[in-house]
Amino acid sequence: MTSINYNFINIIFCFFKTLFIVFIIVFCGAMLSFIERRVLALFQNRYGPNRVGWFGLLQIVADMIKMLFKEDWVPSFSKSFLFILAPIISFISLLLVMSIIPFTDQKFIINLNIGVLFFLIMSALSVYSILFAGWSSNNKYALLGSIRAIAQTLSYEVFLGLSLMGVVAQSHSFNLFDIVYSQKKIWNIFPQFFGFITFFIAGLALCHRHPFDQPESEQELADGYHIEYSGMKFGMFFIGQYISMIVIASMITVLFLGGWYGPYLPKFLWFFFKTFILILFFILLRASLPRPRYDQILYFGWIICLPITLLNLIFTAFLILLY
């Protein structure tokens, strides 16, 4: 077999592998909406969706049919180009991060030397989807929701990046594989506990998960920045939020919980088990915490989380210089 044929087969194999992983991520994102409703019902001692199919398993199919056949409406008073572009950016920006996640040392899409920086770039890009959605909708509730989202995301992105610098300094690399290899003896959650806590909180804010769902709070803003969206455009925002949950849980697993490392079980099972437990914890927080005021969210970020992150970074740098 010539080298040209070998390269061609390799490209085709990589293409279908990437397509398969993207399909699995999008499918898991869609299924999470059903799992979340069932788990919330369990936590709150009530019935979840249980009428469509066995144990309500076909509820997600019913939701998809409803979404696909709903009128794809673009308001005449909106800025149509930005209105259509916003959900596309929301859906794609954090989905691209999955390409750099190492599920095991053999199962991944791309091994990027600047993996941590790529994640930060994509998370910064995702805020533009909310800005465009709120601005282009020409609706006061959408605009207020987008202003809240931008202020919250920019505030929490500061220590989202800073909380990772301790991990980067310890592993001497921005490469996610090197970071996992550096945790072979001890997971980063122990020496970088405060970095883990602040990254977890900033990750919740990035996903706009409860209690950081101020930009789309139904009681105050009638669904916030995506109030004018329906059909597949709303679906892209909706699924995009669950994909962002999977991305943040996967990043926490890689950066702080030892990635695929664990005894007895296969490596990929350890990775998925840790990620799934983190997603369940996201849902538990939604079921148990009240929604704070918007100013309290910003105060908490700047006055409490930022100093903790800086102290953690200074302490880590001191220990590295000492030893």
Side-chain angles (χ1 to χ4, degrees), residues 32 36 40 43 93-94 97 101 116-117 119-127 130 145 148-170 176 179 187-217 224 240-258 274-316:
L32 265 182
E36 179 172 37
L40 281 175
F43 287 152
S93 56
L94 285 176
V97 177
I101 300 287
V116 173
L117 293 179
F119 163 69
L120 294 175
I121 291 167
M122 287 297 115
S123 61
L125 189 66
S126 66
V127 77
I130 301 167
R148 282 187 176 190
I150 292 162
Q152 176 180 296
T153 308
L154 291 181
S155 301
Y156 279 73
E157 266 186 1
V158 173
F159 59 87
L160 179 79
L162 285 173
S163 61
L164 297 179
M165 290 305 107
V167 172
V168 171
Q170 276 193 331
L176 294 178
I179 291 173
W187 295 357
N188 280 333
I189 189 173
F190 299 110
Q192 290 293 317
F193 182 72
F194 291 109
F196 163 74
I197 293 292
T198 48
F199 183 82
F200 184 85
I201 293 170
L204 279 177
L206 182 68
C207 301
H208 302 141
R209 292 287 303 174
H210 198 84
F212 298 96
D213 58 345
Q214 308 288 337
E216 50 195 80
S217 51
Q241 192 176 77
Y242 285 103
I243 290 175
S244 66
M245 271 175 65
I246 296 174
V247 168
I248 294 297
S250 302
M251 285 298 292
I252 293 174
T253 301
V254 169
L255 295 167
F256 296 99
L257 299 180
K274 293 172 189 175
T275 306
F276 186 67
I277 292 296
L278 285 167
I279 290 172
L280 283 183
F281 193 62
F282 286 173
I283 298 172
L284 174 63
L285 285 179
R286 180 180 174 182
S288 52
L289 289 181
R291 180 187 293 137
R293 283 203 320 265
Y294 181 61
D295 59 308
Q296 290 172 332
I297 290 286
L298 296 184
Y299 182 88
F300 179 74
W302 288 108
I303 304 300
I304 297 176
C305 290
L306 182 61
I308 290 175
T309 311
L310 290 173
L311 286 174
N312 178 64
L313 183 58
I314 292 169
F315 185 66
T316 304

Rounded distance [0.5 Å steps], OG1 in Thr198 versus CG in Asn312: 6.5 Å
Member of Phe256, Phe159, Phe282 meeting the ring pair (Phe, Tyr, Trp, His ring centres under 6.0 Å) criterion with Phe200: Phe282
Nearest-0.5 Å distance that lies between atom NZ in Lys274 and atom CD1 in Ile252: 13.0 Å
Minimum heavy-atom distance Leu160-Ser123, with the two atoms named: CD2-OG, 3.9 Å
Heavy-atom side-chain contact between Leu206 and Ser126 under 4.5 Å: yes
Heavy-atom check, side chain of Gln192 versus side chain of Phe199, under 4.5 Å: no
Value rounded to 0.5 Å, distance of CG in Leu306 from CG in Leu311: 9.5 Å
Value rounded to 0.5 Å, distance of CZ in Phe119 from CG in Leu176: 9.5 Å
Enclosure of Phe281 CZ (heavy-atom neighbours >12, cutoff 6.0 Å): no
Shortest non-hydrogen contact from Leu94 toward Ser244: CD1-CB, 3.3 Å
Closest heavy-atom pair and its distance - Thr309, Ser163: CG2-N, 3.3 Å
Leu278 side, atom CG; Thr253 side, atom OG1 - distance, nearest 0.5 Å: 5.0 Å
Validation row: Tyr156, Ile297 side chains within 4.5 angstrom (heavy atoms): yes
Minimum side-chain heavy-atom gap Phe196-Asn188 below 4.5 Å: no
Nearest atoms (heavy-atom pairs only) where Ala205 meets Gln152: O-NE2, 3.4 Å
Ile179 versus Leu255, closest heavy-atom pair with distance: CD1-CD2, 3.8 Å
Non-hydrogen atoms of Ser155 and Leu298 that approach each other most closely: OG-CD2, 3.7 Å
Derivation of the side-chain contact (heavy atoms from CB on, under 4.5 Å) call for Ile279 and Leu32: CA-CA 9 Å; Ile279 290 172; Leu32 265 182; 3.6 Å; yes
Interatomic spacing from CD in Glu36 to CD in Gln241 - rounded to 0.5 Å: 8.0 Å
